[in-house]
Amino acid sequence: MTAASDVGFHAQRQARWHYGEVAFWLMVLACGFLFPTRYLIMTDILRLALFTMSLDLILGYAGIVSLGHAAFFGVGAYAAGLLALHGIINEPVLALIVAGLAAMVLGFATSFLVIRGVDLTRLMVTLGIALLLEALAERFSNITGGTDGLQGIEMQPIFGEIPFDMFGKAGFFYSLAVLFVLFLFARRVVHSPFGLSLRAIKNNPLRAAAIGIPVNRRLIAIYTLAAFYAGIAGALFTQTTAIASLDVFAFERSADLMLVLVIGGTGYLYGGLIGAVVFRMLQELFSTITPQYWQFWIGLVLVVIVLVGRQRLHRWVLYVPNLIIRQVAGRKAVVAVPESDA
Amino acid sequence: EDTVKVGLILPMTGGQASTGKQIENAIKLYMQQKGDTVAGKKIEIILKDDAAIPDKTKTAAQELIVNDKVNFIAGFGVTPAALAAAPLATQAKIPEVVMAAGTSIITERSPYIVRTSFTLAQSSTIIGDWAVKNGIKKVATLTSDYAPGNDALNFFKQNFTAGGGEVVEEVKTPLQNPDFAPFLQRMKDAKPDAIFVFVPAGQGGNFMKQYAERGLDKAGIKVIGPGDVTDDDLLNNMGDAVLGTVTAHLYSAAHPSQMNKDFVAAYKKAFGNRPGFMAVSGYDGIHLIYEALKKTNGDTNGDKLIEAMKGQKWESPRGPISIDPETRDIVQNIYIRKVEKVDGELYNVEFATFEAVKDLGKTKK
Amino acid sequence: MTAILTNLFDGVAYGMLLFVLACGLAVTLGLMNFVNLAHGAFAMAGGYVCMVLVNRMGWPFFAALPLAFVSSAAIGIALERTLYRHLYTRSHLDQVLFTIGLTFMSVAAVDYIQGSSRVFINLPAALQGQFDVFGVGIGRYRLMIIVICGLLTIGLQMVLAKTRFGSRLRAAVDDPRAASGLGINVPQVFAFTFAFGCGLAGLGGALSAEILGLDPYFPLKFMIYFLIVVTVGGSSSITGPFLASLLLGIGDVAGKYYVPKMGPFVIYTMMIVILIWRPNGLFGRTAAR
Amino acid sequence: MTIALETQNLEKTFGGLRVTRDLSLKIEQGARHALIGPNGAGKTTVINQLTGVLKPNSGRILLEGQDITDLPVHKRVLRGLSRTFQINQLYPDLTPLETIGLAVSERLGHGGDWWRRMGTRGDVNGEIAELLTRFHLLDVMNEETVTLPYGKQRLLEIAVAIAAKPRVLLLDEPAAGVPESERHDILAVVGALPRDVTVLLIEHDMDLVFSFADRISVLVSGALLTEGPPEQVARDPQVKAVYLGEEAVNV
Amino acid sequence: MSDLLAIEALRAGYGEAVVLPKMTLSLAEGQVLALLGRNGTGKTTLINSIVGVTRRFSGTVALAGTDVTALRPDQRARAGIGWVPQERNIFRSLTVEENMTAVAQPGPWTVEKVYEMFPRLKERRSNFGNQLSGGEQQMLAIGRALTLNPKVLLLDEPTEGLAPIIVEELLKAIGTITRAGGICSIIVEQNAQKILGLADRVVILERGTIVHDAPSAALKADPSVLERHLGVAGAAH
Ligand SMILES: Nc1ncnc2c1ncn2[C@@H]1O[C@H](COP(=O)(O)OP(=O)(O)OP(=O)(O)O)[C@@H](O)[C@H]1O
Ligand SMILES: Nc1ncnc2c1ncn2[C@@H]1O[C@H](COP(=O)(O)OP(=O)(O)OP(=O)(O)O)[C@@H](O)[C@H]1O
Ligand SMILES: [Mg+2]
Ligand SMILES: [Mg+2]
């Protein structure tokens, strides 16, 4: 039946790779070779992008707002730090996964608290959990090192082969690889029926349940997955900086995360990546110009972004690339930024 | 290469911003006074904000070393920040001049670390000794629950109880603590001779205000502690309740030397307020960098610079100080001061001096 | 016994302080459904205005308090007319982004103008110290806070429950288009409410300076507390946040007094437990908005 | 005849208000059953209890003989109980294709599938296509639901309910907001369902009710007033007094 | 000028879209106008344009001889326009009573009188807007418009979702109110048959333009017009 194949074609529309996406990733990879002196900040951006992607999974797709995502980041960070510090798992990739799983367990356990309630409640419950964890980490300073953080973490080479270097080259490519793999996985998930059902729940939980979607179970699943991602981001943080200190749990980290995601746009996975680049670059730019008052300018940019409207900004930003691609490939608008905010 | 670059990493934003500002100001002042060339080299300061978050410190330090090719890294508002940069100093073989952070272990983390600030052990042990000798038998302690607070508490207790004093109540307050009322009430109920207090810079004002509000001063309960609680930066704003507070510290804006008078006057003129102990640490920090360069004759080899710094001795606004050649930590006088009114303003007036105090945290180990 | 009473008094005073700081937010967030995270910035503005008037220009404290209200309200209305009003219909995330931006700007601006050191407001002697009632220490300043907050709560509750203004406001929030088509001057109602919320924040900032201290990071440091009060209280009335503040204040003070080790855990744990028990807050209205 | 859906002594109160009073309804399999009654009689509330959106205070609900009183909403759907809402409940940001695709996937048990992409299952695609065609939604299948005209949204609302292949379908004022000329189309679609599908209809448009239903229950203040075939209900003086009014109804 | 409501060459729509290209319509005191038309022909847009919540490109609206074109919607409402929106738009966080008192204006219609008309509402007076049944919401929307004590009553599909007996009473009441003096009404309706009895005049829209404007008696006599424009037989099924 032609209608059926038509339906199949259109149903897969969003799941297909666009040229723009391929170009995007090639560009990211190219950065690794173009700016060999900036590995650190680029690694920082990648970590932040991964972390933001985790928030996007719950906020952009399932509509769960969180101001305490740093909880999972922190657990991942400390888990990776402790594993390395005590030599429990020396191989970074394995340690990364274990740290992610640790965060995932916490995610699963706390998901039951989070799925109830309205947005504001969720914000505050998640925030409360992160703050409690921070307080706990401070209290159990014999394990966590208290305010001094974990001291003396030394990372072993990746796969026993590639050592972390001072310039952060290995760290960058390692982070990029992790980000890309997890991105592929997330991309697959969000385009599955499961991913679509999350969007349905975000749009209208009442109707979602009325077509047979087990709403709570889906929310728990995605929240747990997001916790895993955040844990991995945290573990990457520790592995690439050899630092784990209390501020991994800090409110500011969760709040920045929210800003990054909102700047980049929610619900299409690239928001985190774009937001991370924009946010960090702005921070870097302003704090170089004025180390004391850079917050003012960041604030101004945020205000302007909102007043001008993110959609319009995206359109402006994408105008040139689209124009070029259209000229070259003769296709219609290629890169588009869907907006779907909670 | 005729410039020497100093990467200055300070908390310029966030809760520790006033530390960063004081140090930056002091450095500016020093360079105005002494010129920006030394041993034929021009000194260039590159300031980075780390908001007292260690991973930012580390990234900033790494960028400074790798991209800006700095010859010194300096600043560091809090201990974790100083520690985060330590391995980089070792790897890059450049001096790390710590101008604020006060935990003992810091200088042990890298052979390239020198400190011009203080350690908490220095003033806490001294005030402990002083207290027992001056008729204070029962003390209640109120310290912020984080590493420096615990350091202060432990060093104080060690000397105080060794001298025969008794700690009757011990309260640790959360780091972010808006209201001291319940803790102070506990202090009051314990009826000690004095309260030993350590709270992070900035919260001293809150503490003293509420101390007075609750009438602990009238109940005859004194405040003693390391000087953070009566930091010159805020002291004048705290009201008369602080009068009589006795603290042990490295610096008072009322230190009666000519050099200090000039320093305070110049600082006030340039920035409109009094310098605190953070300012003087910064001032001495940059001085140390200048002196080291003088001694190496402009050679920027890290090992040579560190060698040159070891054993340096000079007169600072706070009094005579030196760098311990073994530990690279600061050796300085610790003064016992009492808050008094001088010309209508509140000052920590020094009345006893413990000379050339080393970091007791290390020497005892 | 006196210890319990003293703690109760301190707890009530602390709770009232939280309330006076947060009730402006309860108005903008709870009633207008606008996520104004810059609330603390308005509080800070009020605090600094009061500080400058009292410390630098020698105004009496009680004369400066109303001015703290007025100046924050004036800043509020200026921003509302120029910026905020474009954002009522935008998503909450946009509102968060915008108001965080404003907060950052205010922090840096105040740091630039006033420096980053903490400041306090000089109090008249009449407000300093404690007096004794049957052995219970009553702080004068805290007592004043309790009185002011009590009056404020009663006044607010009257306005919102007993006058038409309250229902017109909620109507305008529920459905601005229909409200305007049915004769409610929506922009005016919003502007007035917003300015009032900001004024309350300013007053709160001025009152809290004595206990919390004022520095440029005030808006960020205490943002969490404002939000806790409003969420726990439930965002559809003034009584909710009021009782939540009391509960949290008393709980916090008692927790810190009796089990100081648990200090930081008390308030967060209370919040989580309450929100799990009643996801819409203690006095939230049934269905989700 | 077997009973498809049954309530036993159902009770529901809001605060002090009894909205459902000791309600025992039996709906036979394959019936075209209408539930009518004055505004606020509690019809929507009954539907909400049947589907699990609201929990009854007491009483039982049986679906094809099995007790479903305590089942969550989605499980009832999977057992074959599906509904439409009085006010459209759709996904504003999703397209009709996605909306229906999701409903079909869930029913076929692929809803939790997180690896295989949408649109790669032939059986699902076929069914989506069939439904889109039947409800005249094929031409707008890629447009976001918010942008659709109301009539199309209403059709989508019903299509989603039917995508669940219900054995019992509950329709809450399906014709609300639909113009005169299209009302009968909607019921025609419903009427074309297989005979063994049971339909319970709530509607205030009496023309529609009487042309569709073969049995009518009248609910007043939460309790059953009367029940019977259309002609009998239409003549009932009590029903006229509380609900129908004086205007004659053509049966 | 005796027309209570006068619309002159009104061009209106949403955003860039023009829904009503050029609408001219006037209504005298005591008149009940039935507005018919298929889905999406612009009935609601016309009502909303009188209220002032659409985009006006050009043209004027006058109320009792005064030009209200430049007024904001809330000013128009206070000048005497009572609106029952198609979607009811009940204020969900207000109680039934507050829904009315929030917008009420002095005049003969008080909350008590509305309760007399819809006793059901009185029973639910302290329920919140989102705790009402569909029909109760409709009643409240009507009651709310009445407490505005309008000169022009605009009812967008007011009978939707109401029980037949209530519809009967409601329509009767609207007739009485309108003819009692000082006001005129426009009723949008899907079911022409329902209101032919009540309306004095019938206007049928098609693509935003009036295609038929005549006394209702004429339509009753000639059902073919309805058949032509609305696609349904005027006669009952
Ligand atoms: N959440 C609630 N709280 C209190 N009362 C409620 C709530 N929901 C509904 N009610 C009341 O319950 C009664 C029944 O409502 P329901 O929606 O079931 O009526 P209905 O029969 O569907 O009426 P309609 O034909 O007007 O849609 C109404 O009087 C309504 O006011
Ligand atoms: N908010 C809006 N923005 C853009 N176009 C709109 C909007 N509302 C309605 N329209 C369009 O305006 C046209 C007229 O719509 P309107 O709602 O006035 O029709 P109607 O006659 O009231 O229909 P119905 O019988 O469905 O109520 C339609 O084509 C509709 O799509
Ligand atoms: Mg109903
Ligand atoms: Mg309409």
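A note on names: the letters A, B, ... follow the listed sequences, proteins ahead of strands, and every chain is numbered from 1. These values consider heavy atoms only, across backbone and side chains, with no hydrogens, waters or symmetry-generated copies. Just so it is clear, the structure is predicted and the values come from calculations on it, not from any experiment.
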Looking only at atom types and distance, does a side-chain atom of Lys48(B) sit under 3.5 Å from a main-chain N or O of Pro291(A), one as donor and one as acceptor? no
Can you tell me how far apart CG (Asn150(B)) and CG (Asp148(A)) are? Round to the nearest 0.5 Å. 9.5 Å
Indicate yes or no: does Asp55(B) engage Arg253(A) in a salt bridge with an N to O separation below 4.0 Å. yes
With a 4.5 Å heavy-atom cut-off, do Glu284(A) and Glu63(B) have their side chains touching? yes
d(Lys56(B) NZ, Ser287(A) OG) to nearest 0.5 Å is 8.0 Å
So do Thr13(B) and Gln292(A) actually touch side chain to side chain, heavy atoms under 4.5 Å? no
Side chain / backbone / both / neither for Lys172(B) at chain A, heavy atoms under 4.5 Å: neither
Kindly check if the number of other-residue, nucleotide or ligand heavy atoms within 6.0 Å of CH2 (Trp297(A)) is above 12? no
Shortest non-hydrogen contact from Phe167(A) toward Gln62(B): N-NE2, 4.5 Å
Minimal heavy-atom distance between Asp247(A) and Pro54(B), with the atoms involved, is OD2-CD, 3.1 Å
Interchain contact, Asn67(B) with chain A, by part (heavy-atom threshold 4.5 Å): side chain
Is Glu154(A) atom CD crowded by more than 12 heavy atoms from other residues, nucleotides or ligands, each under 6.0 Å away? no
Is Tyr39(A) in contact with chain B via its backbone, its side chain, both, or neither, using a 4.5 Å heavy-atom distance? neither
Answer with side chain, backbone, both or neither: which region of Ile65(B) has an atom nearer than 4.5 Å to a non-hydrogen atom of chain A? side chain
Contact class of Asp145(B) relative to chain A, heavy atoms under 4.5 angstrom: both
Based on non-hydrogen pairs under 4.5 Å, which of Thr288(A), Asp44(A), Val248(A), Thr241(A) is most in contact with chain B? Thr241(A)
Segment of Leu246(A) engaging chain B (4.5 angstrom heavy-atom cut-off): neither
Checking heavy atoms, do the side chain of Thr37(A), its backbone, both or neither come under 4.5 Å from chain B? both
